[in-house]
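Given the structure is predicted, the values throughout are model-derived calculations rather than measurements.
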Amino acid sequence: KVLIELAACYYKAEQLDSALSTYQKIEKHWGDYYPALVMTCQIMHELEEYKEALECYYTKLPALKKDKFYYKEALESVMRLEWHTFKNYYKAEVAIKNLMDAFPENYEYNMLLMQLYNFTGNYVDAATQEEYIMAGYKGLKLTNSFYEKGAMIVEQFDTAQYHLEVYRNFQPEMNAEVLYKAYIFNYDGSRAFGRILV
């Protein structure tokens, strides 16, 4: 218990090397203490030791399956590393599908898969996911935030000059029959060209 408090203090003080070694000590002596299992990987991730962090997450996933909260944390980190850091889109897809299997009620994972398919040019499977999400919207199965926003992001990517985001309106009949809106941003966060309606 003292080590757990010590590790948390090191982490809060941003002494990441000390926090990492303390969490590793906890792992060694306490076995499947789920917070330590995740924190060792997370700290490597924050230290930008991406390869080691990814290996760490994969190693810990079988044990973390016993705890939904930490399993979710680890799988989401795997997905982000595979997709955005290592550009391994197949493994990112596998991670998202594992999240969908573990949390079938969470439509945000379907949205991530749809974005990944659009990003990689797999538009047929992206359209299938979009239809599934729209059915969930009509069945009132999405979280409240999506009903408040009235739209979901279907694709985003970067060019040399701009960041582009494309949104799908859930109720185009309430928005002048506009199905999609695209926003183009400068890298300083300002909007470059306003919005493009489709």
Side-chain angles (χ1 to χ4, degrees), residues 38 42 45-46 50 54 57 61 64 68-198:
V38 170
Q42 183 180 317
H45 197 160
E46 291 179 29
Y50 298 127
L54 187 60
Y57 285 122
L61 281 174
L64 292 171
K68 285 208 159 194
F69 176 83
Y70 292 106
Y71 183 62
K72 176 175 173 285
E73 292 283 308
L75 260 182
E76 286 182 353
S77 295
V78 166
M79 178 268 297
R80 285 190 292 271
L81 281 166
E82 293 289 18
W83 185 345
H84 301 295
T85 304
F86 293 104
K87 318 296 184 195
N88 192 325
Y89 304 122
Y90 172 73
K91 287 187 176 180
E93 178 185 350
V94 169
I96 296 170
K97 286 182 174 177
N98 285 336
L99 283 162
M100 289 164 62
D101 288 342
F103 306 95
E105 71 290 347
N106 190 333
Y107 279 75
E108 291 185 44
Y109 296 131
N110 297 88
M111 293 177 192
L112 281 171
L113 187 60
M114 173 186 60
Q115 289 178 48
L116 179 64
Y117 284 151
N118 277 324
F119 182 77
T120 56
N122 186 352
Y123 302 118
V124 173
D125 287 338
T128 300
Q129 289 299 317
E130 189 171 331
E131 288 169 15
Y132 179 77
I133 296 160
M134 290 304 296
Y137 177 84
K138 290 171 185 169
L140 303 178
K141 294 181 178 178
L142 274 60
T143 58
N144 288 338
S145 63
F146 289 103
Y147 295 94
E148 292 165 8
K149 292 174 192 170
M152 65 175 169
I153 191 163
V154 294
E155 185 172 9
Q156 58 181 318
F157 58 88
D158 296 315
T159 68
Q161 291 85 19
Y162 305 111
H163 173 74
L164 185 133
E165 295 177 357
V166 181
Y167 290 81
R168 160 76 191 257
N169 278 326
F170 286 120
Q171 293 183 303
E173 66 278 6
M174 305 285 287
N175 292 278
E177 298 302 325
V178 173
L179 197 58
Y180 297 97
K181 293 177 186 175
Y183 296 92
I184 301 174
F185 298 92
N186 293 310
Y187 283 116
D188 64 4
S190 62
R191 198 175 288 176
F193 297 115
R195 63 184 180 183
I196 302 164
L197 307 179
V198 182

Without swapping roles, check the side chain of N118 against the backbone of A126 for a donor-acceptor pair under 3.5 Å. no
What pair of heavy atoms forms the shortest contact from Y180 to E130, and how long is it? OH-OE2, 2.7 Å
I'd like to know whether the aromatic ring centres of Y50 and F86 sit less than 6.0 Å apart in this structure. no
Would you please name every residue forming a ring-ring contact (aromatic ring centres under 6.0 Å, His included) with F146, sequence neighbours left out? none
Listed partners of E131 passing side chain to side chain donor-acceptor pair (under 3.5 Å), at least two apart: none
All pairs passing ring pair (Phe, Tyr, Trp, His ring centres under 6.0 Å) where residues 120-145 contributes a residue, at least two apart: Y107-Y132, Y137-Y147, Y137-F170
Can you tell me how far apart OG1 (T128) and OH (Y117) are? Round to the nearest 0.5 Å. 9.0 Å
Look at the side chain of T85 and the backbone N and O of E82, then say whether any donor-acceptor pair between them is shorter than 3.5 Å. no
N169 and M134: which non-hydrogen atoms are nearest, and at how many Å? O-CE, 4.4 Å
I need the minimum non-hydrogen distance between Y57 and V78, along with the two atoms involved. CB-CG2, 3.5 Å
Indicate the atoms forming the closest heavy-atom contact of K87 with H84, along with that distance. NZ-O, 2.8 Å
So, for L61 and A74, which heavy atoms are closest and what is the spacing to 0.1 Å? CD2-CB, 3.8 Å
Report the distance from atom CZ of R80 to atom NE2 of H45, rounding to the nearest 0.5 Å. 7.0 Å
List in chain and number order the residues that pass side chain to side chain donor-acceptor pair (under 3.5 Å) with Q42, two or more places apart in sequence or in another chain; answer none if no residue qualifies. Y11, E46
Roughly how far, to the nearest 0.5 Å, is OH of Y89 from CD1 of I96? 12.0 Å
Which residues share a side-chain contact (heavy atoms from CB on, under 4.5 Å) with F103, sequence neighbours left out: K68, K72, L99, E105, N106, Y109
Gap separating the CD1 atom of I153 from the CD atom of E108, nearest 0.5 angstrom: 12.0 Å
Less than 4.5 Å apart, side chain to side chain, heavy atoms only: is that true for L142 and I133? yes
All side-chain contact (heavy atoms from CB on, under 4.5 Å) counterparts of F157, not counting sequence neighbours: F119, E155, T159, L164
Measuring from atom CD of E93 to atom CG of N98, what distance do you get when rounded to the nearest 0.5 angstrom? 10.5 Å
Return the CG to CE distance between L75 and M100, rounded to the nearest 0.5 Å. 12.5 Å
Backbone N or O of V154 within a donor-acceptor pair of the Y167 side chain at under 3.5 Å? no
